[in-house]
Amino acid sequence: NAGVMQNPRHLVRRRGQEARLRCSPMKGHSHVYWYRQLPEEGLKFMVYLQKENIIDESGMPKERFSAEFPKEGPSILRIQQVVRGDSAAYFCASQVAPITDTQYFGPGTRLTVL
Amino acid sequence: QQQVKQSPQSLIVQKGGISIINCAYENTAFDYFPWYQQFPGKGPALLIAIRPDVSEKKEGRFTISFNKSAKQFSLHIMDSQPGDSATYFCAASSSGGSNYKLTFGKGTLLTVNP
């Protein structure tokens with residue numbers, strides 16, 4: 001059973017470009033969380049999605065950031081017009097259902113904005 | 001507002017020693033407390049977790065102690081090994097509303113010297 005997959009693992013963008021981060025949850029998992037990890041910091045919640053629904057986006061910046069989890073395909077975290085402050089590691093975690101607590105994390109995408 | 005405070009920031013232990021990492025939380029709605037281990041360049045991996053209905057949980061060399069009245073919990077690593085050298089994060093979530101978003105501490109960098 002493959003774990004949570006994220007791609008790309010490393011992404012370099014220039015200021016003003018768009019970044020698209022992909023997350024494929026574990027098989028059978030229909031709940032996805034995105035977290036951001038800044039250097040020397042813990043992970044901070046961004047958004048919680050179920051298939052075709054955004055459940056909680058309270059941790060997402062109001063502008064430039066969006067997320068989706070379509071019926072088919074991976075979850076996408078999209079950052080428009082990136083700025084240097086967006087440089088961080090972005091992790092997604094998947095969960096079977098709210099019945100169980102355990103979240104399984106992917107290896108992360110390390111975004112560098114030049 | 002930092003809802004989960006973790007200490008120490010870094011810890012150096014000799015092989016065979018006991019590593020102790022502490023966390024304190026503020027939100028009394030939290031009812032799930034996992035610990036994650038993260039190696040450089042990797043995603044966090046669940047180590048052990050506890051709910052407030054027990055005061056201690058042990059899995060192999062890893063033990064969580066939980067003090068509900070003090071709103072504190074700690075991770076003890078017995079017989080620490082160089083392979084345990086990693087960053088450890090405590091976290092907390094509330095199952096109310098079926099949203100298990102995790103609130104993380106800032107992490108503890110553990111170094112176990114051979």
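Letters go in sequence order (proteins before strands), and every chain restarts at 1.
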Q.
Between A:P107, A:S58, A:G59, who has the most heavy-atom pairs with chain B when the cutoff is under 4.5 Å?
A.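 Most pairs with chain B among the choices: A:P107.
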
Grab the two heavy atoms, one from [X] and one from [Y], that are nearest each other, plus how far apart they are.
| X | Y | answer |
| --- | --- | --- |
| A:Q103 | B:Y36 | O-OH, 3.0 Å |
| A:F91 | B:Q38 | CZ-NE2, 3.4 Å |
| B:G41 | A:R9 | O-NH2, 3.2 Å |

- Task: With a 4.5 angstrom heavy-atom cut-off, could you sort out which part of B:P34 is near chain A: side chain, backbone, both or neither?
- Result: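 For B:P34, no heavy atom lies under 4.5 Å from chain A.
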
Quick check for you: to the nearest 0.5 Å, what is the distance between [X] atom [atom1] and [Y] atom [atom2]?
| X | Y | atom1 | atom2 | value |
| --- | --- | --- | --- | --- |
| A:K44 | B:K106 | NZ | NZ | 6.5 Å |
| B:Y32 | A:T102 | OH | OG1 | 4.0 Å |
| A:F45 | B:S93 | CZ | OG | 11.5 Å |

Shared hydrophobic cluster, B:V112 / B:I21 (ILVMFWY, side-chain heavy atoms < 4.5 Å):
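Same cluster.
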
[atom1] ([X]) with more than 12 external heavy atoms under 6.0 Å:
| X | atom1 | answer |
| --- | --- | --- |
| A:E18 | CD | yes |
| A:M60 | CE | yes |
| A:Y104 | OH | no |
| B:R61 | CZ | yes |
| A:K51 | NZ | yes |
| B:Q9 | CD | no |

Q: Answer with side chain, backbone, both or neither: which region of A:Q37 has an atom nearer than 4.5 Å to a non-hydrogen atom of chain B?
A: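 The side chain, not the backbone.
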
Self-check item: Check: B:L102 main-chain N/O paired with A:Y35 side-chain donor or acceptor under 3.5 Å
Solution: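 Side chain of A:Y35 to backbone of B:L102: a pair is present.
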
